[in-house]
Structure formats: C-alpha cells, structure tokens
Colleague: 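Pasting in a structure now, in structure tokens, and then I'll have a few things to ask.
Treat the numbers as computed from the prediction; the structure is a model and nothing was measured.
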Amino acid sequence: MSLTVASGPFGRTPAGRLNGTLETPGGFILWDPVPHRVRARFAGRTVVDTRGAVLLHETNHLPVYYVPEADLDHDLLVPTETRTFCPIKGDCSYRSIRVGDRVATDAVWAYRAPIPSAPFLAGYAALVWDALDEWLVEDEQVHGHPRDPYHRIDVYPTSTHVRVLLDGEVLADSRRARVLYETSLPPRYYLPIEDVRVDLLEPSPTRTRCAYKGEASYWHARVGGRLVDDLVWSYPEPDLDAQPVRGLLCFLAERVDV
C-alpha cells in the first residue's frame, strides 16, 4: 500500500511505467509534510503533540510519521546505547519511553546527522507505532499505521460471475459481488453470505486491523478433511472506506481458485 510498497510507482515491483529511471542506492524516499495534528500517548502521558509532522515514504516500507524534536516530551525519553545504520538515511540513535514502571525500549529513533542526500531528517524523530498505546489524528484515534494520502479504496458492484474453488470444491458462486480496488494491492471480490458455502467455514479467533478498512474477522475453510486457516475475512463494522463491503465475505485469492 502507498507509493513505495508492492506495485506502487516507487515500490520494488511497480505496476506502471515512468518516462525515465530513478536510481537511488538502497531505495527511494519522499519527505512529505502533512497538515493535521498528530498525537501519541503512552501510559496515560502524551509523548508527542505536533502540527509539524511529516510522512516519510521509503521503498518497501509503509509511511512513517516523523515529528519535530521540539514537540516531544523529553522528560519521558531515556537515551539507550542502541545504534543502527541505514544506507539511505545514515546513523540512527534510539531512546526509550519511560512512564513510572512502564518502559517502551528503543521506541523513538532519530538521524541526528543524516547523510548528505537526506538533510531534512535532522531535527526530527520517529516513534515505533505499536509501542505507543494510542495515536490520534486531530481527535480521531487511528490504528495500524499512518494513513497514506496517496492511498485510496474504490468499491464497485459487478455482474462478473465469481466462483471460488478449493481442491475442486465450490466454496462460493455469485453474480452479486462487490470488487474492492485498493492502491498497490490486487482486486478483492466481496460476496454476499448467501452465495457462500458457510457450512464449509469455521470461525477463527484471528482479528486484524486495517488503517483504512477497520477490524476484520476471519474463518477457516474445511474441504475433504483439509483445513485452510484464515482463508476468509469480513468487515462487520467497517471504517468509512469499507462501508460498501460491510458484512460481505472475501476469500484470499492466492490460496484458492477464483
């Protein structure tokens, strides 16, 4: 998803073509300021509160918020000895977040003296998304990773005849599908539950969270004694972008015949 991963224009396997080449050692970076307020909380404390956030897009990675050092609560940060090196950004140092007895080790990183081709990194830091308890954009909690302004979802009803088979067994047969197109990802067909062999499905405890679509529930499929884990998912209470596929079922096409 986004410009720099999967089949995005600056990803490893772009679907489209440019009228030139972009030759960068190790990957491509886009430093892209965002207009909204960004906050992150840990153990009841606000670690960062900023209107100066920037999204860093990097080849083969999801976008990451970088925030001005001045907008961090430095009273909560503890330097560590951890150091790493990135060929397209430079030497990286780390800090932990400490609030009382809770510690998020190496949860904040920064390139204090970035390489000459990435001078914009100086004075900014990034935070490990999952190390924080809560992220907010303006006053809405966001999940998974920062939303990418170049990412979009389109859902269309289609009369395409969609059949899903596993080991020759028909799992679904529908002419009432909705096809979901999502930036840099393959199209996904979402089917009415009435057109799916739900007798071959078993509920799974797996739950995932998409930054754009919301929380997904999963099912296993059992055919002829063979159990295929987490083959089917649905968004029962989707976020705005996935409202058109609310309650519909989708099969992981890479593991079945569609």
Colleague: Answer with yes or no whether the hydrophobic clustering places Leu252 together with Ile193; edges join I, L, V, M, F, W, Y residues whose side-chain heavy atoms lie under 4.5 Å apart.
Modeller: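 Yes, same cluster.
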Colleague: Does the side chain of Pro149 come within less than 4.5 Å of Leu55's, by heavy atoms?
Modeller: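 Answer yes - side chains close enough.
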Colleague: To the nearest 0.5 Å, how far apart are CG in Asp133 and CZ in Arg41?
Modeller: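 Asp133 atom CG to Arg41 atom CZ measures 10.5 Å (nearest 0.5 Å).
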Colleague: Output all residues satisfying side-chain hydrogen bond (donor to acceptor under 3.5 Å, both in side chains) with Tyr94, sequence neighbours left out; order by chain, then residue number.
Modeller: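 With neighbours one apart ignored, the set is Thr84.
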Colleague: Using the test side-chain contact (heavy atoms from CB on, under 4.5 Å), find all partners of His36 that sit at least two apart in sequence or belong to another chain.
Modeller: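 His36 satisfies side-chain contact (heavy atoms from CB on, under 4.5 Å) with Val34, Val38, Tyr65, Val137, Glu138 once adjacent residues are dropped.
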Colleague: Side chain of Ser217, backbone of Ser234: donor and acceptor closer than 3.5 Å?
Modeller: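 Flag not set: sc Ser217 to bb Ser234 has no pair under 3.5 Å.
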Colleague: Would you please indicate if the ring centroids of Trp31 and Tyr124 are separated by under 6.0 Å?
Modeller: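 Centroid separation for Trp31 and Tyr124: below 6.0 Å.
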Colleague: Applying a strict under-4.5 Å side-chain criterion to I, L, V, M, F, W and Y, I'd like to know whether Val48 and Val78 cluster together.
Modeller: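 Different hydrophobic clusters.
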Colleague: Taking the side chain as every heavy atom from C-beta outward, state whether Arg178 and Leu191 have any atom pair closer than 4.5 Å.
Modeller: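 No - every pair of side-chain heavy atoms lies 4.5 Å or more apart.
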Colleague: Looking at every heavy atom in both Gly90 and Ile115, which two are closest together, and how far apart are they?
Modeller: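 Result for this residue pair: CA-CG2, 3.6 Å.
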Colleague: Any heavy-atom pair between the side chains of Ile29 and Ile88 that's under 4.5 Å?
Modeller: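 In short, these two side chains touch, coming nearer than 4.5 Å.
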Colleague: State, yes or no, whether a side-chain contact exists between Val232 and Leu201 at a heavy-atom distance under 4.5 Å.
Modeller: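 They are in contact (side-chain heavy atoms under 4.5 Å apart), so the answer is yes.
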Colleague: Go through the steps to decide whether Leu127 and Leu132 satisfy the test side-chain contact (heavy atoms from CB on, under 4.5 Å), and finish with yes or no.
Modeller: CA-CA 8 Å; Leu127 295 83; Leu132 280 295; 4.0 Å; yes
Colleague: Are a donor atom and an acceptor atom from the side chains of Asp173 and His161 found within less than 3.5 Å of each other?
Modeller: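 Yes, side-chain donor-acceptor contact under 3.5 Å.
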Colleague: With a 4.0 Å cut-off, would you call Asp195 and Arg176 a salt bridge?
Modeller: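 Salt bridge: yes.
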Colleague: Evaluate Glu69 against Arg95 for salt bridge (Lys or Arg N to Asp or Glu O under 4.0 Å), listing each step before the verdict.
Modeller: CA-CA 12 Å; Glu69 287 278 355; Arg95 285 162 284 179; 2.7 Å; yes
Colleague: How many angstroms lie between SG in Cys86 and CG in Asp91, if you round to the nearest 0.5 Å?
Modeller: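 Separation between the atoms: 10.0 Å.
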Colleague: So Ser204 and His220, side-chain contact (heavy atoms from CB on, under 4.5 Å) or not? Walk me through it.
Modeller: CA-CA 6 Å; Ser204 165; His220 311 312; 3.4 Å; yes
Colleague: What do you reckon, is CZ of Arg17 surrounded by more than 12 foreign heavy atoms closer than 6.0 Å?
Modeller: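 No.
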Colleague: Would you name the heavy atoms of Pro63 and Pro146 that are closest together and state the gap between them?
Modeller: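 Heavy-atom minimum between the residues: O-CD, 3.5 Å.
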Colleague: Calculate, to the nearest 0.5 Å, the distance between atoms OG1 and CG belonging to Thr46 and Leu76 respectively.
Modeller: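 So the gap between those two atoms works out to 9.0 Å.
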Colleague: Rounded to the nearest 0.5 Å, what separates atom CG in Leu231 from atom CG in Leu171?
Modeller: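 It is 7.0 Å, given to the nearest 0.5 Å.
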Colleague: Decide, yes or no, whether a salt bridge links Glu140 with Arg37 under the criterion of side-chain N to carboxylate O below 4.0 Å.
Modeller: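 The answer is no: the pair does not qualify as a salt bridge.
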Colleague: Output all residues satisfying side-chain hydrogen bond (donor to acceptor under 3.5 Å, both in side chains) with Arg188, sequence neighbours left out; order by chain, then residue number.
Modeller: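 Applying side-chain hydrogen bond (donor to acceptor under 3.5 Å, both in side chains) to Arg188 gives Glu254.
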Colleague: Could you tell me which non-hydrogen atom of Thr50 sits nearest to which non-hydrogen atom of Ala53, and how far apart they are?
Modeller: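 Closest approach of Thr50 to Ala53, heavy atoms only: OG1-N, 3.8 Å.
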Colleague: Kindly say whether Glu237 contributes a backbone atom to a donor-acceptor pair with the side chain of Glu215 at under 3.5 angstrom?
Modeller: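 Answer holds: no.
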Colleague: Is it possible for you to say whether Val164 and Val170 belong to one hydrophobic cluster, with membership spreading through side-chain heavy-atom contacts below 4.5 Å?
Modeller: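 Hydrophobic grouping puts Val164 apart from Val170.
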Colleague: Rounded to the nearest 0.5 Å, what separates atom SG in Cys92 from atom CZ in Phe85?
Modeller: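 It comes to 11.0 Å.
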Colleague: Mind listing the closest non-hydrogen atom pair of Ser174 and Pro192 along with its distance?
Modeller: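 Closest pair (atom of Ser174, atom of Pro192, distance): OG-CD, 3.7 Å.
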Colleague: Mind checking whether His143 and Tyr212 have ring centres under 6.0 Å apart?
Modeller: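 Not under 6.0 Å, so no.
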Colleague: Does the Lys NZ or Arg CZ of Arg102 fall within the cation-pi geometry relative to Phe42 - under 6.0 Å from the ring centre and within 45° of the axis?
Modeller: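 That pair qualifies as a cation-pi contact.
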Colleague: What do the steps show when you test Arg207 against Asp230 for salt bridge (Lys or Arg N to Asp or Glu O under 4.0 Å), and what is the final call?
Modeller: CA-CA 10 Å; Arg207 298 292 183 271; Asp230 296 335; over 6 Å; no
Colleague: For Arg226, give me all partners under side-chain hydrogen bond (donor to acceptor under 3.5 Å, both in side chains), at least two apart in sequence or on another chain.
Modeller: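 Partners of Arg226 under the side-chain hydrogen bond (donor to acceptor under 3.5 Å, both in side chains) test: Asp167.
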Colleague: Check whether any side-chain N or O of Thr160 sits under 3.5 Å from a backbone N or O of Val162 as a donor-acceptor pair, and report yes or no.
Modeller: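 Checking the backbone N and O of Val162 against the side chain of Thr160, no donor-acceptor pair under 3.5 Å is found.
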Colleague: State plainly whether the residues Arg45 and Glu134 are in salt-bridge range, i.e. N to O under 4.0 Å.
Modeller: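 Judged by the 4.0 Å cut-off on N to carboxylate O distance, Arg45 and Glu134 do not form a salt bridge.
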Colleague: Mind checking whether Val256 and Trp233 sit in one hydrophobic cluster, side chains of I, L, V, M, F, W, Y counted as touching below 4.5 Å?
Modeller: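 The answer is yes; both residues are in one hydrophobic cluster.
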Colleague: Quick one: does Cys210's side chain get under 4.5 Å of Tyr235's, heavy atoms only?
Modeller: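 Yes - at least one pair of side-chain heavy atoms lies under 4.5 Å apart.
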Colleague: Minimum heavy-atom separation for Asp229 and Leu227, please, with both atom names.
Modeller: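 Answer, listing the atom of Asp229 first, then Leu227: OD1-CD2, 3.7 Å.
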Colleague: For a 4.5 angstrom cut-off between non-hydrogen side-chain atoms, does Leu249 reach Trp219?
Modeller: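 A side-chain contact exists here, since the closest heavy-atom pair is under 4.5 Å.
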Colleague: Has Arg255 got more than 12 heavy atoms of other residues, nucleotides or ligands less than 6.0 Å from its CZ?
Modeller: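 It does: Arg255 CZ has more than 12 such atoms within range.
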Colleague: With side-chain hydrogen bond (donor to acceptor under 3.5 Å, both in side chains) as the rule and sequence neighbours excluded, what pairs involving residues 103-112 come up?
Modeller: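 Listed once each, the pairs are Tyr66-Trp109, Thr80-Asp106, Thr82-Asp106, Ser93-Arg112.
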Colleague: Considering only NZ, NE, NH1 and NH2 on the basic side and carboxylate oxygens on the acidic side, decide whether Lys213 and Asp241 come within less than 4.0 Å.
Modeller: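 Judged by the 4.0 Å cut-off on N to carboxylate O distance, Lys213 and Asp241 do not form a salt bridge.
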Colleague: Please name the pair of heavy atoms, one in Tyr189 and one in Ala177, separated by the smallest distance, quoted to 0.1 Å.
Modeller: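 Scanning both residues completely, I find the closest heavy atoms to be CD2-CB, 4.2 Å.
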Colleague: Can you tell me how far apart CG (Leu165) and CG (Asp257) are? Round to the nearest 0.5 Å.
Modeller: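 Separation between the atoms: 6.0 Å.
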Colleague: Tell me whether Val99 shares a hydrophobic cluster with Val128, the cluster being built from Ile, Leu, Val, Met, Phe, Trp, Tyr side chains joined at under 4.5 Å.
Modeller: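 Not linked; separate clusters.
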Colleague: Are Phe251 and Val196 close enough, and set up right, to give a side-chain contact (heavy atoms from CB on, under 4.5 Å), and what steps lead you there?
Modeller: CA-CA 10 Å; Phe251 288 80; Val196 176; 3.8 Å; yes
Colleague: Is the closest side-chain heavy-atom distance between Leu30 and Leu56 below 4.5 Å?
Modeller: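 Of all side-chain heavy-atom pairs linking Leu56 with Leu30, none is under 4.5 Å.
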Colleague: Val108 versus Leu77: any side-chain heavy-atom pair under 4.5 Å?
Modeller: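 Of all side-chain heavy-atom pairs linking Leu77 with Val108, at least one is under 4.5 Å.
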Colleague: Could you list the residues that satisfy side-chain hydrogen bond (donor to acceptor under 3.5 Å, both in side chains) with Asp32, not counting sequence neighbours?
Modeller: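 Once residues adjacent in sequence are excluded, the partners of Asp32 under the side-chain hydrogen bond (donor to acceptor under 3.5 Å, both in side chains) criterion are Tyr150.
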Colleague: Assess the side chains of Thr208 and Tyr218: does a donor N or O sit below 3.5 Å from an acceptor N or O?
Modeller: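 Yes, a side-chain donor-acceptor pair sits under 3.5 Å.
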Colleague: Go through Asp73 and Val47 one step at a time and tell me if the side-chain contact (heavy atoms from CB on, under 4.5 Å) criterion holds.
Modeller: CA-CA 5 Å; Asp73 186 343; Val47 181; 5.6 Å; no
Colleague: Measure from the side-chain N and O atoms of His151 to the backbone N and O of Ser184, and report whether any donor-acceptor pair falls under 3.5 Å.
Modeller: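 Pair absent, no side-chain N/O of His151 close to backbone of Ser184.
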Colleague: With distance as the sole test, does Arg246 use its side chain to make a donor-acceptor pair with the main-chain N or O of Pro236 at under 3.5 Å?
Modeller: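 Flag set: sc Arg246 to bb Pro236 pair under 3.5 Å.
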Colleague: Quick one: do Arg152 and Glu182 make a salt bridge, cutoff under 4.0 Å?
Modeller: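 Answer for the salt bridge query: no.
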